[in-house]
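Reading through the structure tokens given below for one structure.
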Amino acid sequence: MSWGCRCAAIFPRPVLMTVVLATVWGSFADAADASDTSVPITDRVPRVLILYPYDERIAATTAAGEALRSRLLEATDGKIDLFSEFLDLSRFPEAVHVARMGRYLAEKYAARRPDVIVALGKESANFVTTYRITIAPDAKIVAAGFGNSTAENIDLPDDVIGAFTTFDILKTAELARRLQPNARHLYIIGGSSEFDRGWLTAARADLEEFSKSYETTYLEDLTIGEFIERASHVPSDSIILALTVFKDRAGRNFIPREAIRQIAAAASAPVYGPYQTYIDYGVVGGNTVTFDILGRTVGNLVIDVIAGRPVSDIQAPQTNIVDARQLWRWGLAEGNLPPGTVLMHKERSLWEEHWLAVTVALGVVLMQAGIIAALLLERRRRQDAESRSRLHLLEAVHLNQSATAGALSSSIAHELNQPLSAIRNNAEAASELLRSGNPDLDLIQQILLDIQADDQRAGDIICRMRGLLKKRSEIDWQEFDLNDVTSSAIHIIHGEAERRGITLNTNRPTTELPVRADKVHVQQVVLNLATNAMDAMTDSESARILTFATGLEKEKAELRVADTGNGIPQERLCSIFEPFYTTKQAGTGLGLSIARAIVETYGGTISADNRPEGGAIFRVALPLARREESGR
């Protein structure tokens, strides 16, 4: 058999193969005259000739040769002469061609005799042992790419050093059985060349016992089209072992891996093969030699030969190699692979490929999650705090409203007594008129209209008081005119102002001042300021005048409440809105504090100052309602 390859070359004897070469070690002296063959090897750059049995397209020998060259250049720092020759014995096996190649190489290397010749494959080994005397009579021969039994069959000379490998098709078959324990059929594919037939003969012997467990069929001596057709119709519970197809029945020459690629692409069951070069060409895998390791192993052997160290035949390591993509294609379980199997083209997980980036990203995400959680917690706390603050505000406002209602109770009672008394008097007058012999119906009609008007007046007073005392658990957001709220508050305190002898003046603009807030709360602000102003004028000896003015100031709705009292001591102006601060003996110190809390809740400001002409003035500014909000 010969050198094998997944897409190409193969090695002799089904059970063999090993690929070659090695790297030269040492530091050799600079090159002597190339034509001087008498210079000792220790005094010049060593020369190594690599013989390939086929052409450069055969991937197995090429891969092994490249690994060998790399190892030799690495070991010698490039101080070595490497030569390569492709014998092309697969396409030109005729004795005439072989003899011609012998004469050609003898003449070519007459002036540069190689010190070591590496023969890859059985054909190369046969060739070099035949023509070594004419090509390089003193060269050491290293043979690789086939097994010990093949070496015995071709009767290699004793001084030829072997780097042997045996391609054991039985181990590939056992790998297939582990992956397909339920398979019932076995197919073995081989071509029509001498090498292909030799592989088939060896396979029959090696698989004799193994094949007894299956319905076994050998697909051989077919055209490439027939191979494809037969493979596409095998039962799904089949194992297909592909050996080599250097030539089909029609005489077409192939690189084996290219022929296997066509067959595997159409096959209806998994395909296995004994060469690493078949990976990437449709096979699941097989027991084989990795050509890179083989080439470097042979390279180490060549280095020892050049160094003059004692050497002997070696065996190149073999292992199971599997294509992960084919496992997925056929649904084969990775867990069934033998220990130590090399799994190629396995897609690494995100963690395996980018563990550092994933770790960093995960850390960032966790940190962001922590920050977000903390912000959400803080937001929840703030919302809870704001909710409690609003609740406390509502409770404080309600208590303030109750206190205001209590303070105004006598004036409100007096104001309410007027319409009630008028209703009673008008009712008595109407009754007297009805008892007369000729009642004046027009007058009675007018009396009834007066009763209705007084009833409406009393109802308005009661409604204002009900709104003032109503307790709510939520803020009632609404849009309203600040002028209307101010007028409503003036109506409530009107009676108390009259009782105290205070004149109420109003300055209402013609334009509306729309604000968005709780209407009752803003009304309470006006009442608190008005009540505070009336209390401030209790001891005033001058005219007692309470003035309300509204207007637009710096794009805000402003309310001004001015009195003619004694004013506010200058040193107390900054503390007047603080809780429990008061200048009145009976005061609670909460009215102005609550007013500030209400105004600031709705985004406004409140301030106090003294008037030049005497008395104090309080200013409340609230944001104007936006137009888009006005439609809510």
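Residues: numbered from 1 along the sequence shown.
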Is there a donor-acceptor pair closer than 3.5 Å between any side-chain N or O of [X] and the backbone N or O of [Y]?
{"X": "Thr129", "Y": "Ala125", "answer": "yes"}
{"X": "Arg197", "Y": "Ser192", "answer": "yes"}
{"X": "Asp115", "Y": "Arg47", "answer": "yes"}
{"X": "Thr341", "Y": "Ile321", "answer": "no"}
{"X": "Thr216", "Y": "Ser211", "answer": "yes"}
{"X": "His185", "Y": "Thr217", "answer": "no"}
{"X": "Asp196", "Y": "Phe246", "answer": "yes"}
{"X": "Ser70", "Y": "Glu66", "answer": "no"}
{"X": "Glu215", "Y": "Leu186", "answer": "no"}
{"X": "Glu226", "Y": "Thr223", "answer": "yes"}

Can you list the steps and then say if Leu327 with Leu343 is a side-chain contact (heavy atoms from CB on, under 4.5 Å)?
-> CA-CA 10 Å; Leu327 292 181; Leu343 192 58; 3.8 Å; yes
Closest non-hydrogen atom pair, [X] against [Y]:
{"X": "Pro338", "Y": "Asn320", "answer": "CG-ND2, 3.7 Å"}
{"X": "Pro235", "Y": "Ala269", "answer": "O-CB, 3.8 Å"}
{"X": "Ala231", "Y": "Ile263", "answer": "CB-CG2, 3.7 Å"}
{"X": "Val298", "Y": "Ala144", "answer": "CG2-CB, 4.0 Å"}

Above 12 or not: heavy atoms from other molecules or residues under 6.0 Å from [atom1] of [X]?
{"X": "Leu366", "atom1": "CG", "value": "yes"}
{"X": "Glu174", "atom1": "CD", "value": "yes"}
{"X": "Arg184", "atom1": "CZ", "value": "no"}
{"X": "Trp328", "atom1": "CH2", "value": "no"}
{"X": "Arg230", "atom1": "CZ", "value": "no"}

[atom2] on [Y] to [atom1] on [X], rounded to 0.5 Å:
{"X": "Arg112", "Y": "Asp81", "atom1": "CZ", "atom2": "CG", "answer": "8.0 Å"}
{"X": "Ile188", "Y": "Glu220", "atom1": "CD1", "atom2": "CD", "answer": "9.5 Å"}
{"X": "Ile260", "Y": "Phe227", "atom1": "CD1", "atom2": "CZ", "answer": "8.0 Å"}
{"X": "Leu243", "Y": "Leu200", "atom1": "CG", "atom2": "CG", "answer": "5.5 Å"}
{"X": "Leu87", "Y": "Ser124", "atom1": "CG", "atom2": "OG", "answer": "5.0 Å"}
{"X": "Thr201", "Y": "Asp206", "atom1": "OG1", "atom2": "CG", "answer": "11.0 Å"}

With a 4.5 Å cut-off on side-chain heavy atoms, are [Y] and [X] touching?
{"X": "Pro274", "Y": "Thr288", "value": "no"}
{"X": "Asp237", "Y": "Asn182", "value": "no"}
{"X": "Arg103", "Y": "Tyr131", "value": "no"}
{"X": "Tyr272", "Y": "Ile239", "value": "yes"}
{"X": "Leu301", "Y": "Val311", "value": "yes"}

Stepwise salt bridge (charged side-chain N to carboxylate O under 4.0 Å, His left out) check, Asp138 with Arg113 = CA-CA 8 Å; Asp138 299 322; Arg113 299 296 187 187; over 6 Å; no
Hey, mind stepping through Arg296 and Glu74 against side-chain contact (heavy atoms from CB on, under 4.5 Å) and telling me if it holds?
-> CA-CA 11 Å; Arg296 296 182 70 84; Glu74 171 189 305; 3.4 Å; yes
State which residue, out of Val322, Leu179, Leu337, fulfils the side-chain contact (heavy atoms from CB on, under 4.5 Å) condition with Leu332.
->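 Only match with Leu332 under side-chain contact (heavy atoms from CB on, under 4.5 Å): Leu179.
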Could you walk me through whether Arg252 and Ile224 pass the side-chain contact (heavy atoms from CB on, under 4.5 Å) check?
-> CA-CA 8 Å; Arg252 292 182 59 189; Ile224 188 65; 3.4 Å; yes
Inter- and intrachain pairs under side chain to side chain donor-acceptor pair (under 3.5 Å), touching residues 259-271, at least two apart =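 Every side chain to side chain donor-acceptor pair (under 3.5 Å) pair that includes a residue of residues 259-271, provided the two are not neighbours, is Glu258-Arg261.
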Steps toward side-chain contact (heavy atoms from CB on, under 4.5 Å) verdict (Ile135, Val128) | CA-CA 8 Å; Ile135 297 175; Val128 75; 5.6 Å; no
Measure centre to centre between the rings of Phe83 and Tyr109, then say whether the value is under 6.0 Å.
->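 Yes, close enough.
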Take Lys346 and Glu334, measure what salt bridge (charged side-chain N to carboxylate O under 4.0 Å, His left out) needs, and give me the verdict at the end.
-> CA-CA 11 Å; Lys346 180 179 180 181; Glu334 182 179 334; 3.2 Å; yes
Scan for salt bridge (charged side-chain N to carboxylate O under 4.0 Å, His left out) pairs involving residues 315-324, sequence neighbours excluded, and state none if there are none.
->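 Sorted result for residues 315-324: Asp323-Arg325.
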Would Arg132 and Asp159 pass as an ion pair if we require N to O under 4.0 Å?
->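 The answer is yes: the pair qualifies as a salt bridge.
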With sequence neighbours left out, write down each residue that passes salt bridge (charged side-chain N to carboxylate O under 4.0 Å, His left out) with Glu378, or none if nothing qualifies.
->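 Salt bridge (charged side-chain N to carboxylate O under 4.0 Å, His left out) check on Glu378 returns nothing, list empty.
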May I ask you to check whether His345 and Asp280 show a side-chain donor-acceptor distance below 3.5 Å?
->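 The answer is yes; a qualifying pair exists.
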